[in-house]
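One structure is given here, and the rest of the page talks about it.
Not measured: the values here are computed from a predicted model. Just the heavy atoms: all of them, side chains too, but no hydrogens, waters or symmetry mates, feed the values below. In listed order, ligands and their atoms are each counted from 1.
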Amino acid sequence: MIEAIQNTDAGGHVDAFRAIVGEAHVLTQPEDVASYLTDWTGLYRSTALAVVRPGTTGEVAELIKLCNARNIAVVPQGGRTGLCGGGVPLAGRASVVVSLTRMNAIRSLDPEGRTVTAEAGVVLETLHDAALKQGLIFPLMFGAKGSCTVGGNLSTNAGGSNVVRYGNTRELCLGIEAVMPDGSVINALTGLRKDNTGYDLKDLLIGAEGTLGIITAAVFKLYPAPRARSTAFLSVDKLESALTVLNRLQDHTGGGVEAFEYMPQPALDVICKVFPAIRRPLAGKVATGILVEVASSRPHDGEEMQDGSIRLEAEVMELLGGLMEEGLVLDAMMAQSEQQRADLWKMRESILEAITEAGPAYHLDISLPLARIARFVEEMDAEMDRLGFRPLTVGHLGDGNLHYALSATEGREWNALPLETAKEKVFALLAELNGSFSAEHGIGQSKLSVMTKLKEPAQLAVMRSIKCALDINNIMNPGKLLPPG
Ligand SMILES: Cc1cc2nc3c(=O)[nH]c(=O)nc-3n(C[C@H](O)[C@H](O)[C@H](O)COP(=O)(O)OP(=O)(O)OC[C@H]3O[C@@H](n4cnc5c(N)ncnc54)[C@H](O)[C@@H]3O)c2cc1C
């Protein structure tokens with residue numbers, strides 16, 4: 001068992017936490033806190049004075065005031081699915097983990113105004129279900145939906161597979177309520193779509209990974225639920241052609257592409273090896289595998305045609321037929337039922353677990369201008385092969401986002417491989433191609449050194465000024481996102 005709890009409670013801190021949230025909501029026993037002090041990747045483990053689970057914004061504010069006065073570091077936590085070690089305290093400072101999972105109420109849902117106000121601890125999938133009951137959707141979508149919370153989604157500005165159509169979490173948020181590092185509460189939950197009254201504080205807190213305050217609630221946009229969907233797995237002749245396929249689909253469906261996910265052969269192989277129950281969507285090897293989903297909420301697109309097919313599906317099928325005639329698409333499997341669609345998405349969403357199960361790997365979450373992705377993949381795959389790595393790549397291709405995981409080539413010993421050289425090669429080419437070293441997972445602890453190396457110094461300086469101005473005692477998630485400087 002890990003040594004989970006910091007044993008310095010000289011100031012009676014734990015009793016003070018209990019006085020604010022009640023005894024039952026302060027966890028200190030090693031077996032109770034162990035999972036809160038280890039991140040999803042298992043790479044980061046730490047200690048804390050306690051894990052505190054407030055139930056209201058007022059309690060969060062009292063906790064932060066106390067921690068600010070006593071110089072205790074505060075580490076906010078949601079569903080603990082973050083992949084960069086952001087939700088685990090750093091060693092060497094008295095810290096408290098503030099878990100928002102008890103704050104899980106959907107405060108209101110306005111079907112007419114198409115907004116929902118949810119507390120930070122609401123699990124993403126719960127929000128999906130609540131919206132769907134009203135014939136609406138909350139379109140943020142990815143594999144951790146059953147565990148991650150909307151507070152964590154906001155704090156990491158999470159992306160996922162529907163960004164190509166709806167944007168990332170920032171674009172889905174209309175307002176937030178948050179507790180600032182001095183314990184003051186900002187309440188910007190009006191849900192207004194237009195409000196130009198000074199600096200947009202929600203945008204400051206979104207993507208701040210808990211370093212500027214604790215988000216306690218937010219207003220999100222909702223969208224009409226699709227009446228028709230067409231989901232297919234394509235083998236496209238080469239990566240360059242994938243962009244043409246995406247643009248053709250967008251042009252013909254009025255921007256109806258909801259997801260355009262890159263799944264090349266090595267990724268399919270590892271998924272099917274680790275999860276033998278998952279069936280390959282196409283027989284034989286795929287050239288450039290793409291999972292595409294087109295959706296429409298227009299009644300017209302959901303109509304059943306004379307031959308029994310749904311109009312949108314028939315149109316997508318016809319379009320794909322044309323792309324096959326042109327030689328851009330080599331093979332395609334269209335989901336014929338909701339079950340087949342679910343199977344395709346299960347396959348896509350299994351990839352991170354499959355890679356993690358398959359053996360050691362280093363995960364890069366990068367983005368590039370769409371037109372430069374093919375060059376990056378071609379050059380970098382060859383370079384990694386020379387160094388003894390086998391890239392296991394998937395990506396939200398429609399957003400220019402690749403999850404580029406480096407595993408060992410068969411027969412090579414992971415520990416003997418030149419990982420630092422490999423990372424430098426990746427970052428150098430990214431810099432040359434105007435890419436980003438962190439597309440959607442954030443910085444946390446894991447990307448601090450590359451942040452120091454690659455983030456423009458002027459931007460880092462502004463970020464530090466903001467942090468110093470708002471968090472004078474550096475209590476909010478210290479040592480995350482901003483490298484020491
Ligand atoms: C299988 C799997 C698939 C994933 N796929 C994607 C994907 O496609 N796209 C993507 O973007 N991410 C993905 N992720 C990463 C992760 O799910 C997201 O980063 C998610 O938004 C984290 O939410 P959480 O509630 O788990 O946050 P946590 O992990 O608990 O916290 C993440 C960060 O946010 C801070 N934080 C949490 N709650 C608050 C709050 N209320 N106020 C202030 N700060 C807070 C924490 O301190 C930490 O720095 C995936 C993860 C897994 C395990």
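- The closest side-chain donor-acceptor pair between Glu293 and Thr231 falls under 3.5 angstrom.
- A salt bridge is absent between Lys221 and Glu171; no separation between the charged side-chain nitrogens and carboxylate oxygens falls under 4.0 Å.
- Of the candidates Val150, Asn153, Asp39, Leu83, it is Leu83 that places a heavy atom closest to atom 50 (C) of ligand 1.
- Side-chain N/O atoms of Glu59 and His25 include no donor and acceptor closer than 3.5 Å.
- The option with the heavy atom closest to atom 32 (C) of ligand 1, from among Thr169, Thr156, Val74, is Thr156.
- Checked by atom type, the side-chain pair Asn473/Asn68 shows a donor-acceptor distance below 3.5 Å.
- When only non-hydrogen protein atoms are considered, atom 6 (C) of ligand 1 lies nearest to Phe142 CD1, 3.4 Å.
- Comparing Ile215, Asn401, Val394 by heavy-atom distance to atom 42 (N) of ligand 1, the nearest is Ile215.
- When each atom of ligand 1 is checked for a heavy atom of Arg80 under 4.0 Å away, the hits are 24 (P), 26 (O), 28 (P), 29 (O), 30 (O).
- Among the atoms of Ala144, none of the N or O lies under 3.5 angstrom from an N or O of ligand 1.
- In summary, Asp343 and Arg348 do not engage in a salt bridge, as defined by a charged side-chain N under 4.0 Å from a carboxylate O.
- In this structure, of Leu481, Thr216, Thr81, Thr41, the residue bringing a heavy atom nearest to atom 22 (C) of ligand 1 is Thr81.
- Of the options Gly146, Gly152, Ser350, Ala218, the smallest heavy-atom separation from atom 38 (N) of ligand 1 is shown by Gly152.
- Counting only non-hydrogen atoms, the option in Gly78, Ser155, Gly143 that gets closest to atom 43 (C) of ligand 1 is Ser155.
- Nearest to atom 9 (N) of ligand 1 among the protein's heavy atoms is Glu440 OE2, 2.9 Å.
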